[in-house]
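In what follows, chains carry the letters A, B, and so on, assigned in the order in which the sequence lines appear, proteins first and then strands, with residues in each chain numbered from 1. Computed from a predicted structure; not experimentally measured.
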Amino acid sequence: MDMFNVYEVFIQKDHGSPHVWVGSVDAGSPDDALLLARENFLRRDPAVSIWVVRQEQVHRTDYEDRDFFARETDKTYRMLTGYNKVNAEKWRKYKKNLLDLEKDFVKD
Amino acid sequence: MTHEERLAQFMARIERGEKIESTDWMPDEYRITLVKFMQMHALSEVMGALPEKEWVPKAPTLARKLSLMAKVQDEMGHGQLILRVAEDLAKPLGKSREELVGELLTGVCKFHNVFHMPAPTWADAGIIGWLVDGAAVVSQAALLDSSYGPYARVLQRVCAEEGFHIQHGESICLALAEGTPEQRQMLQEALNRWWESLLLFFGPADTNSASATILMKYRFRTKTNEELRQKFFDKYVPRIWSLGLTIPDPDFRWNEAAQRWHYTQPDWTKLKAIARNEGPLSQYRLGLRRMSYEQTKWVREALLGKAGAGAIA
Amino acid sequence: MTDPILALLLYQLADDELVIGHRDSEWLGLAPHIEEDIAFGSIAQDEVGHATAFYRLLSDLGLGVADDLAFLRGAAERRNAVLLERPNGAGTYLQDPAFDWGYTVARRLAYDLFDAIRLECIASGCSYQPLAQLAGKIRREERYHLLHHVTWFKRLAEGTEESRRRLVAGIEQTFLDAGGLFVMTPSDYFPTTSAALLERWTAELRPQFDAVGLPWPLVMPAPALDGRAGQHTADLSALLETMGEVYRTAPGAAW
C-alpha cells in the first residue's frame, strides 16, 4: 500500500562540511526527491549539495546491540587526552630555558 | 526472553531517560499510542495551515504576503516532518501515509481543537501567529524531552521555526496595536474571539484520559495540561497587557497565594463537539482538505506511473 | 521624466509576477501532496518577491509606493498577460477549490520558459542598469522553477493515461492565452522582438513535447484580450478585489 518511496535526505551546507542527514521525504522518483528535498529542508539555510538515498538502501546497526560499540579497555593511547597532559608537564620544564633563550635573542 | 522481561527492560530504559528509536523493540501500546499522537500532531499542522492561508490572498502589504506564505509553508513543512516520523513507526502496523491521512478525512484521527475556529479578520491572522503559535511552542517545547528519539529530534527543528512564526505574528499585532483606532479595535476583537480557544488549547486540567496516562507513563509527555496553560499565561499575559489590550475575562488575575493565574473556566463542552468534528468550521475545513485530496488523486497516481497506479486505494 | 517605455516594461514584469504568484499561493495547503505543497509554496514566494523588487524599481523612478502600485491599481492599469490571471480551476480558494494541476503545470511551464528567455534578454541587453542587474539575480531563482515544472511535465506526460489526458487538456487551455505573453515592446531596455521571443520559446519547448511523444499544438491564436494593453477578464477584477480588500481599508496605515 506504499504510495511513494521514502528517501533519506543528506545536506552539505558548505564545501568544508560533510553531508549531514536532515530527514526524509516521500517521493515518486530520485529526481523528484531531490527537488522536494530542496524546499523541505533548505527553506532558509544555504547549501552546496543534496544527497537522497532510498530508505531501504540504508543498512544500519541495531540500537539494542550495545556490544557492537563496546569500548571497555583503555583506549587513551589513541586519544589526544592520552598525551597532552604528560607532554604539557614536560614542556613546562623546558619553558624556563626557552624564555631565557628568547630573552637572549631580544638582547641581540 | 519472555515478553514480561522485554517489557521490564524497556520500562527500565524509559525510566533511565534513554531515547527509544524506531527500530527498537517496543510494546504495542507504546507504538500505537505514539503513532496516534504523532499522526494527530502532524495532521493538525496540515489543518493549521488552512485558517491562515485564507489570509494570504488578502494580506495587506507585499511584505506581509511574503511572510504569511512562508509561515503557512512552514506549517506544512512541520506536518511533513512529523508525518514522516509517524510513517516510519506505523510501518509495522501496515499503515502508510495514505492510511494516516485517510483517517483524518474519515474522522478517525482528530485535529487540534484550535484549528476548528474561524479567522474572520486580518487581525485573526496576527493573533494566530502570535498567541496560537505561542501556545504551540509552549506545548511542543515540553515534548523536546520525549522518550521517542525521532520525534524529539524533529521537534527541535519545529520549535526553532515556530520562533520565527511568533515574531511574524507579533509583528502583525504590534503594527495593529500602534495603528489606527479601527486597527486597534480589530486586534482587540480578535483577541476576544481567540481567548477561549487559547484556554481550550491545552485541554482540561483534570484530564485522566487513557491515552494521556499512557503518554505520561512512557515519558512521552511529562507536563500536565494545567502546567502548560500556566506557563503560557506567564509568558504572554504581560505582553498582552503591555500592548494595552484587555483580556476578555473580568476575573482573570494573578493569585499570589496560590502562585498561579486564576481564570474563568471556558466552556469545556465545546471540546466534546470539536472532537466529533462538530466545531464551528470543522466540516468546512475538512471539506477543503477532502476536496483537494480527491481532486489531486490522479496526480499522485501519475507520480507512481502506470505500474503502481492500481495499488492505490 | 521617466521613459514610459521603461515604465511599461517594469509594469509588465511586476504585474506578471504578482498575479501568477497570487494564483500559485491559492494552492497553499491544497497541492497534490505535502512535499509538493511546500515546494510549490516556495515558487509562489519567489514570484511575489520578484514582483516586489520590480515595483521597487518603479518606486525608485518616482512612480509611487510599491504597495500602492501592487494593491491599488485597477484592472485597466494592469499590464500582466491574461494567461496568468486565469483561475487555477473551478471554485475558489475558499469554496470548493476544484483546482486543476494539469492546467497549473502546463501554464507554469509555458510561463517559466517565457520568463527565463525574457530575463536573459534583459540581463544581457537592457540599457537601464538597475533592471539589468535585478534580472540577472532573478534568473538564478527562475532556473529552479523551470526545472521543477519540466519535471512535472514529464511526470504527467509519462504517468497514467488520465494524467496525460489532463496535461494535454491543460496545454490546450494554456495555448489559447499563451500568445498574450509575447506582446512585448522592443526597445533599448528590451532589445528583441515578439517574433524572436516566440521562436526561441518554441525551439526550447518543442523538444520537451517530442521527448514525451506529445503532439505540438499547431495553433496559437492571437490573444482575444491584450493584457499588456490593460484588457483583462472579470477574473482579474475579482483577484484584485480580494488582494486589496484589507489594504484599501487604510491605505496609508502601517500594516
Side-chain angles (χ1 to χ4, degrees), chain A residues 1-70, chain C residues 20-21 24-25 27-50 101-102 104-105 108-109 112-113 116 137-164 166-167 208 211-212:
Chain A
M1 277 303 272
D2 277 350
M3 239 192 58
F4 295 150
N5 294 307
V6 177
Y7 290 83
E8 300 291 349
V9 181
F10 300 77
I11 303 273
Q12 187 185 25
K13 66 178 169 123
D14 55 50
H15 286 280
S17 306
H19 282 75
V20 175
W21 179 82
V22 290
S24 51
V25 291
D26 278 17
S29 73
D31 289 345
D32 292 358
L34 284 169
L35 282 175
L36 297 171
R38 178 189 189 267
E39 296 309 333
N40 280 269
F41 296 101
L42 291 175
R43 293 200 293 279
R44 292 184 176 78
D45 309 322
V48 294
S49 169
I50 303 177
W51 290 347
V52 293
V53 183
R54 278 277 292 271
Q55 193 179 54
E56 301 94 280
Q57 301 298 321
V58 176
H59 300 270
R60 61 183 113 202
T61 56
D62 189 342
Y63 281 102
E64 286 182 55
D65 184 5
R66 298 301 165 95
D67 290 353
F68 190 90
F69 300 97
Chain C
I20 192 70
D24 290 346
S25 79
W27 273 102
L28 277 174
L30 306 172
H33 62 100
I34 296 174
E35 278 87 348
E36 177 60 23
D37 209 298
I38 295 157
F40 202 65
S42 283
I43 290 172
Q45 285 168 49
D46 285 348
E47 302 298 34
V48 174
H50 300 165
W101 191 251
T104 296
V105 168
R108 287 277 0 181
L109 178 59
D112 284 333
L113 183 57
K137 280 189 204 166
I138 290 177
R139 262 184 82 194
R140 294 192 62 206
E141 286 185 0
E142 293 286 356
R143 251 202 64 205
Y144 164 77
H145 299 185
L146 185 56
L147 176 64
H148 188 95
H149 295 111
V150 165
T151 306
W152 267 108
F153 176 80
K154 285 186 197 145
R155 290 289 171 275
L156 296 188
E158 294 171 340
T160 60
E161 272 167 40
E162 184 180 8
S163 71
R164 195 173 171 90
R166 286 176 181 264
L167 177 65
Q208 302 283 356
V212 295

Under 4.5 Å heavy-atom distance to chain A, tell me which part of C:Y144 shows up: side chain, backbone, both or neither. side chain
Hey, is CZ on C:R140 packed in by over 12 heavy atoms from elsewhere, all under 6.0 Å? no
What part of C:E36 gets within 4.5 angstrom of chain A, counting heavy atoms only: side chain, backbone, both, or neither? both
Using 0.5 Å steps for rounding, measure from the CG atom of A:L36 to the CG atom of C:D37. 11.0 Å
I'd like to know if the side chain of C:R155 pairs up with that of A:S29 as donor and acceptor (distance under 3.5 Å, no hydrogens or angles considered). yes
In Å and rounded to the nearest 0.5 Å, what is the OG1 to CG distance from C:T151 to A:D31? 6.5 Å
Between C:E35 (side chain) and A:D26 (backbone), is there a donor-acceptor pair under 3.5 Å? yes
Identify the heavy atoms of A:E39 and C:I38 that sit nearest to each other, and give their distance. O-CG2, 3.6 Å
